[in-house]
Amino acid sequence: MWRFIDTDVINGAYSCALFQSIGHHVGLGISDETVLFWRVIQPTLYVGYHQCISDEVHESYCRKHNVDIIRRILGGGCGYCDRNQILYSVIGKDDGSIPRNINNAYKKVLSCILIALENLGLEGELDQARNGIFVKGRKISGNAQGRFDGSVVINGSFLLEFDFKSMDCVLKHPTMNLRPDVTTAREGMVSLSDLMKLPGINHIKQVLRTGFEEGLGVKTYEGKISVAEELLAKKLTRLYTSRDWTFRMDDKKAKRIKRKRNISTDL
Amino acid sequence: MIRKQNVLNEKEISVQIYEGIVIESVLIIGENKMVFEDYLKGVYKSKGGIIRSFLKVDKGKITDITFSGDFFLLPEDAIDLITQRLIGTDTEKDSIRYVVEDVYETEKIQSPGTTPEDFTRSIMQAIGGI
């Protein structure tokens, strides 16, 4: 039996800390495998592990409009979110029911989203190359995967509504992970509200939870974050809000340039 | 499509973006050339994501290198092992690919849509700009 936790609205930095902490405890065998749902309390840009902020993000816009920039420990590209997306994390044991092979792991977890869409009367399509779920050729769910401390974590988004205008202002390349022929994010993405009259959020969450149960072949119980998980998550939140972590890739490059300049001065 | 962007503080470089595989070639404009004299930048789009490489070369060997981009590596921090091993490697395509392949094998790296060949191409694109 898997644990199901829905924190609803939380801070973006805490969300990264939380799925990492849960992953750590699941990997150690202390916590049950978990499906975690959350939404971000304010607009948040999740940045991939290897990305440079200066290459991808209009930072001054983010500062001016209070968009949090949070670097996650998972690779992949940027994900812009606000309260109108349900974000999920499927956290299993590395040697558990989620396949070891990355592509097969995506297939299994993303089949859950396909089942949920079907239960909403929609037909989704898995795009293996872009780790996404598309409806009528437009992306409704983006995903990333990581493995650490004996756990496997697959995170994703499910778009109820989407603020395309803000995303275009936040990202330097807003169409990067969409179909190659689209020129705007609006063209390449779709939210549930474009496809149907939006049901209540609790109904959608229930449909998603059922999708995860069916797709993973497990039952879930309504669980809580343990004290140990919460303690580690609080510690990790400090890391995720630190400037050094957020700009670590930019700093790596800047140091190299600085070194070059120092050499020039010495000469 | 021609796109201009600010990279590395105030330095402007011209970036040419094509449809398809090769995404960007870096052209250094005018006075900025000295700053980037021996720091080379390559960008290559693999199926799994963009790989940007930023490197320094001296006497036919890589002396400093960083990768960035939206690719996936499992484990993600294996990127540090790849860069460490590349320092001191000859700037020959086969040598670079051999090193990256070797780290992939010893570290059991999985990277959907991105191969050692893709990292090599990003580096070779940078080196080709010397």
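Residue numbers begin at 1 in each chain, while the letters A, B, ... track the order of the sequences. Both backbone and side-chain heavy atoms feed into the values below; hydrogens, waters and symmetry mates do not.
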Considering all heavy atoms, the nearest S68(B)-D55(A) contact: OG-OD2, 3.8 Å
K61(B), NZ: over 12 other non-hydrogen atoms inside 6.0 angstrom: yes
Sidechain N-carboxylate O distance under 4.0 Å for R72(A), E76(B): no
Over all atoms of both residues, closest heavy-atom pair of N101(A) and Q110(B): CA-OE1, 3.8 Å
Closest heavy-atom pair and its distance - S111(B), I102(A): N-CD1, 4.4 Å
Gap separating the CG atom of D77(B) from the CZ atom of F148(A), nearest 0.5 angstrom: 11.5 Å
Y106(A) portion near chain B, given a 4.5 angstrom heavy-atom threshold: side chain
Heavy-atom pair with the smallest gap, counting every atom of N143(A) and F72(B): O-CZ, 4.0 Å
Heavy-atom proximity to chain B below 4.5 Å, by part of E56(A): side chain
Y98(B) atom OH, neighbour heavy-atom count above 12 within 6.0 Å: no
Candidate pair F67(B) and H50(A), rule ring-ring contact (aromatic ring centres under 6.0 Å, His included), full reasoning: CA-CA 7 Å; F67(B) 293 108; H50(A) 303 284; 9.1 Å; no
Interatomic distance, T83(B) atom OG1 to K252(A) atom NZ [nearest 0.5 angstrom]: 6.0 Å
Contact leader toward chain A among G49(B), G48(B), G69(B), where contacts are heavy-atom pairs under 4.5 Å: G69(B)
Q128(A) CD to K47(B) NZ distance, which is reported to the nearest 0.5 Å: 11.5 Å
Options R130(A), Q145(A), R147(A), ranked by heavy-atom pairs under 4.5 Å with chain B, top entry: Q145(A)
Contact summary for N103(A) and P112(B), nearest pair of heavy atoms: OD1-CB, 3.6 Å
Where L74(B) and G146(A) come nearest, the two heavy atoms and their spacing: CD2-CA, 3.6 Å
